[in-house]
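So that the names make sense, note that chain A is the first sequence line, chain B the second, and so on, each numbered from 1.
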Amino acid sequence: GAGVSQSPSNKVTEKGKDVELRCDPISGHTALYWYRQSLGQGLEFLIYFQGNSAPDKSGLPSDRFSAERTGGSVSTLTIQRTQQEDSAVYLCASSMTIETQYFGPGTRLLVL
Amino acid sequence: AQKVTQAQTEISVVEKEDVTLDCVYETRDTTYYLFWYKQPPSGELVFLIRRNSFDEQNEISGRYSWNFQKSTSSFNFTITASQVVDSAVYFCALSEANYGQNFVFGPGTRLSVLP
């Protein structure tokens, strides 16, 4: 596709359940980023993938959060044992190294 | 370390007024990139401009203009003759070339343009 796509667009889950969020980056982009944006807040960096290098996980808020990127393309962000404070919009972006990031539409996660 | 500050949390202007959004950054790198993104109410972040650290020329694109000043570590964004459609949250961001490739975003400025 022409842009970054994310699925699902919305996710409602119960506290304690696991969720998986998917990101399809722009074809050919080597870098992929996950961010979290809480209501009315700025962007919080979560994790960064660059090619086949080990990911930069410095932004993950707890060990309940993990992400993988298969084949250097699609990425999945997994949140285990979700908590209400995990409710946010999760944004994915891709880029060619330090060039411009292009963002997906986000996944709105609501934990009840 | 990288840091981006947008001191203005919210700004309200009346349509057709000019408005400037401030961005101040901190970096240890000599090669870096600065960005502005727009996030309209629909939520999707839209890229507006990228500027590298070696290019201090100001840029104008229609009603938008950007003033990059390395001496004050600022990269301010001006909207001339604002319109209601300019209402959005605007984020300034920084990427360093030599100290990892993490993008750091400022907290954003919410601009409301009133008719």
Side-chain angles (χ1 to χ4, degrees), chain A residues 1-10 23 25-26 29-60 67 69 88-110, chain B residues 1-10 21 23 25 27 29-55 59 61 66 87-112:
Chain A
V4 177
S5 60
Q6 292 185 246
S7 61
S9 53
N10 292 281
C23 173
I26 292 173
H29 280 190
T30 55
L32 187 147
Y33 305 76
W34 282 99
Y35 294 88
R36 179 169 69 177
Q37 187 176 30
S38 301
L39 186 63
Q41 302 298 311
L43 276 73
E44 176 188 4
F45 166 74
L46 297 178
I47 188 169
Y48 158 67
F49 295 90
Q50 173 58 50
N52 295 320
S53 303
D56 175 357
K57 304 180 182 180
S58 59
L60 294 178
R69 189 179 185 191
V89 176
Y90 289 82
L91 292 163
C92 175
S94 70
S95 72
M96 291 295 289
T97 61
I98 59 172
E99 297 295 312
T100 307
Q101 287 189 328
Y102 294 92
F103 282 82
T107 293
R108 283 159 180 76
L109 174 65
L110 177 61
Chain B
Q2 303 165 295
K3 184 178 179 182
V4 176
T5 301
Q6 295 179 256
Q8 305 148 308
T9 306
E10 294 191 35
L21 311 181
C23 174
Y25 62 93
T27 177
D29 209 340
T30 55
T31 302
Y32 53 90
Y33 292 78
L34 295 163
F35 305 81
W36 276 95
Y37 284 84
K38 174 182 180 180
Q39 188 175 41
S42 61
E44 193 156 344
L45 277 148
V46 177
F47 164 77
L48 295 179
I49 190 172
R50 181 186 75 233
R51 173 67 59 191
N52 75 56
S53 51
F54 298 109
D55 182 2
E59 181 157 339
S61 175
W66 291 269
S87 297
V89 180
Y90 291 85
F91 292 96
C92 181
L94 165 71
S95 174
E96 294 176 333
N98 297 313
Y99 292 95
Q101 295 178 9
N102 183 17
F103 280 71
V104 172
F105 283 77
T109 297
R110 181 177 299 277
L111 174 65
S112 298

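Judged as a ring pair (Phe, Tyr, Trp, His ring centres under 6.0 Å), and not counting sequence neighbours, the contacts of B:Y90 are B:F77.
Closest approach of B:E44 and A:P105 over heavy atoms only: OE1-CB, 3.6 Å. A:T100 approaches B:F35 most closely through the heavy-atom pair CA-CE2, 3.8 Å.
For A:E44, no part lies under 4.5 angstrom from a heavy atom of chain B. Residue B:Q39 touches chain A through its side chain alone, counting heavy-atom pairs closer than 4.5 Å.
Although no hydrogens or angles enter the test, the distance criterion places a donor-acceptor pair under 3.5 Å between the side chain of B:Y37 and the main chain of A:Q101.
Dense packing is recorded around CZ of B:R51, with more than 12 heavy atoms of other residues, nucleotides or ligands lying under 6.0 Å away.
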